[in-house]
Amino acid sequence: LNRLEELRKKDSLLVIGLISGTSVDGIDACLARISGPSERPVVQQLGFLTAPYTNELRREILAVAGGDSRSPENLCRLDHAVGDAFAQAALRLLRETRTRPQDIDLVGSHGQTIFHDPVQGTTWQIGEPTRITTVLRCPVISSFRRADMAAGGQGAPLVPLFDALLFRRKDRGRILLNIGGIANVTVLPKGEGTQGVFAFDTGPGNILMDEFVSRATSGRMVYDEGGKIAASGTVDQELLAGFMEHPYFLEKPPKSTGREVFGSGFVALTLGEGTRRGENMNDLVATLNEFTALSITESIKEYVMPVASIDEVLVSGGGVHNKTLLKRIGEELDSITVSSFESTGFSPDAKEALAFALLARESLLGRPGNVLGATGAREHVVLGCYTPAPLG
Ligand SMILES: Nc1ncnc2c1ncn2[C@@H]1O[C@H](COP(=O)(O)OP(=O)(O)O)[C@@H](O)[C@H]1O
Ligand SMILES: [Mg+2]
């Protein structure tokens, strides 16, 4: 605990943020220097990489996240294997940025979500933290979502604190849109601090397109590179209209969703329906792409525009590389500027890892990490579990 006290006194911390999202594509690892007061932190992105999962580990995670019930032994092994993969991703980041392990102050490790149920208030991110502390020899904060759920929140999204502290402006209303497996928005009305900030998951991000492409090509492709397949297909308007009636879109924010709602079941349905109608892969990818775009823009029109005046949308997450998706979002929100989060000086792929680096620092300092307008929690809570570094 002495080390904890020492860390708390430092003006600036060198922090590693680690996360793998619902896409289960790989571990995003970023190195950041964070300083400044809590209300106005200064974050410097010093390095970033994505360490892809091995095919085997990815398959196992997807099986568990898809509802395959495993024995405690298998789950336990997976928890440790993911922890090892996270530790290796952090080590690679250190090598690539020529950073000495002893210079790292703290790691914020989100882990890999294998189950998330905001209705029952349970969530599980695996990636055993002691596998990271033993290798990096520094403390780790993990399991960020549980304290918020215990306080009646959705446990998600947690990135809004980072969004509000770094990107809120007095003269501009902004939406920060992250398109990962699931898509979410943080709404930053003109102003300062976290007052009035709200956030929610709009629905599917890349998840449906990824799974469909992967099934249709028997795993030869795992996503629609640049959105090329979608661009070459024709949208099935009838199928699309049915998708848009999904009850999730009628729920008012705060709300969060996951693979349990928009996952394999949804894709199997699309595949079945599409095959029955004799449609080809390109048309069905185009339909899922359009569904993803509209679920984002309709949510913005329904739940954001009536309550906040918005000037721009900054897009991050892997979906920013899907040109067809971005083009459709831009067209639907014609009065608002839609651009890549890159313009902020940070990498759009690094955003969530950076956010968990910042959240780890907040937790270390004993400060709350949840934004009530984002998760719907009753009260502010300090997030995460602290695993100390080994002695010596
Ligand atoms: N070049 C690309 N073209 C199209 N889509 C891409 C590209 N690169 C990444 N993606 C999409 O981004 C996803 C990963 O996004 P990410 O932000 O890591 O999501 P998550 O947070 O769920 O892991 C991939 O599964 C893929 O769908
Ligand atoms: Mg990812």
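One-based numbering, in listed order, for ligands and for the atoms of each.
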The one among Gln112, His321, His110 that brings a heavy atom closest to atom 2 (C) of ligand 1:
His321
Aromatic ring pairing His246/Phe262, orientation class (parallel under 30°, perpendicular over 60°, tilted between):
tilted
Taking atom types as modelled, find out whether Thr130 and Glu128 have a side-chain donor-acceptor pair closer than 3.5 angstrom.
yes
Among the heavy atoms of Ser20, does any lie under 4.0 Å from an atom of ligand 1?
no
Is it true that Arg259 and Glu211 have a side-chain N and a carboxylate O under 4.0 angstrom from each other?
yes
Any idea how Phe243 and Phe266 line up, ring-wise: parallel (<30°), tilted (30 to 60°), or perpendicular (>60°)?
tilted
Between Asn289 and Asn322, do the side chains contain a donor N or O and an acceptor N or O under 3.5 Å apart?
yes
Could an N or O of ligand 1 be found under 3.5 Å from any N or O of Gly180, whether backbone or side chain?
no
Examine distances only and state if a side-chain atom of Thr194 and a backbone atom of Val197 form a donor-acceptor pair shorter than 3.5 Å.
no
When you check the side-chain N and O atoms of Thr375 and Gln154, is any donor under 3.5 Å from an acceptor?
no
Checking side chain to side chain donor-acceptor pair (under 3.5 Å) for the pair Ser256/Asp201: CA distance, chi angles, key distance, verdict?
CA-CA 5 Å; Ser256 66; Asp201 287 348; 4.5 Å; no
To the nearest 0.1 Å, how far is atom 13 (C) of ligand 1 from its closest protein heavy atom, and which atom is that?
Asn206 ND2, 3.5 Å
Minimum-distance protein heavy atom relative to atom 5 (N) of ligand 1
Tyr223 CD1, 3.6 Å
Could you verify whether a donor N or O on one side chain and an acceptor N or O on the other, from Glu290 and Thr292, lie under 3.5 Å apart?
no
When you look for heavy atoms under 4.0 Å from ligand 1, do you find them on the side chain of Val222, its backbone, both, or neither?
neither
Residue from Cys385, Pro388, Pro129 passing side-chain contact (heavy atoms from CB on, under 4.5 Å) with Val140:
Pro129
Contacts of the Mg ion (ligand 2) with protein N/O/S atoms, counting only those under 2.8 Å
Asp25 OD1
Going by the atom numbers of ligand 1, which of them fall below 4.0 Å from some non-hydrogen atom of Gly181?
19 (O), 20 (P), 22 (O)
Give the atoms of ligand 1, by number and element, whose distance to some non-hydrogen atom of Gly317 is under 4.0 Å.
17 (O)
Given Ala350, Ser23, Pro348, identify the one with the heavy atom nearest to atom 19 (O) of ligand 1.
Ser23
Looking at atom 1 (N) of ligand 1, what's its closest protein heavy atom, distance included?
Glu225 OE2, 3.2 Å
Heavy atom under 4.0 Å from ligand 1: found in Glu352's side chain, backbone, both, or neither?
side chain
Can a side-chain donor-acceptor contact be found between Ser339 and Thr337 if the only test is distance below 3.5 angstrom?
no
Atom 10 (N) of ligand 1: closest protein heavy atom, distance to 0.1 Å, is Gly318 O, 3.3 Å
Can you confirm whether more than 12 heavy atoms, excluding those of Arg137, are under 6.0 Å from its CZ atom?
yes
Thr22 contact mode with ligand 1 (heavy-atom cut-off under 4.0 Å):
both
All side-chain contact (heavy atoms from CB on, under 4.5 Å) counterparts of Thr234, not counting sequence neighbours
Asp283
Under 4.0 Å from a heavy atom of Asp210: which atoms of ligand 1 are those, numbered in the order shown and with their elements?
24 (C), 25 (O), 26 (C), 27 (O)
for atom 23 (O) of ligand 1, nearest protein heavy atom and its distance come out as Asp25 OD1, 3.0 Å
Enumerated ligand 1 atoms positioned under 4.0 Å from heavy atoms of Gly226:
2 (C), 3 (N), 4 (C)
Is there a path of hydrophobic side-chain contacts, each under 4.5 Å between heavy atoms of I, L, V, M, F, W or Y residues, that connects Met149 with Leu158?
no
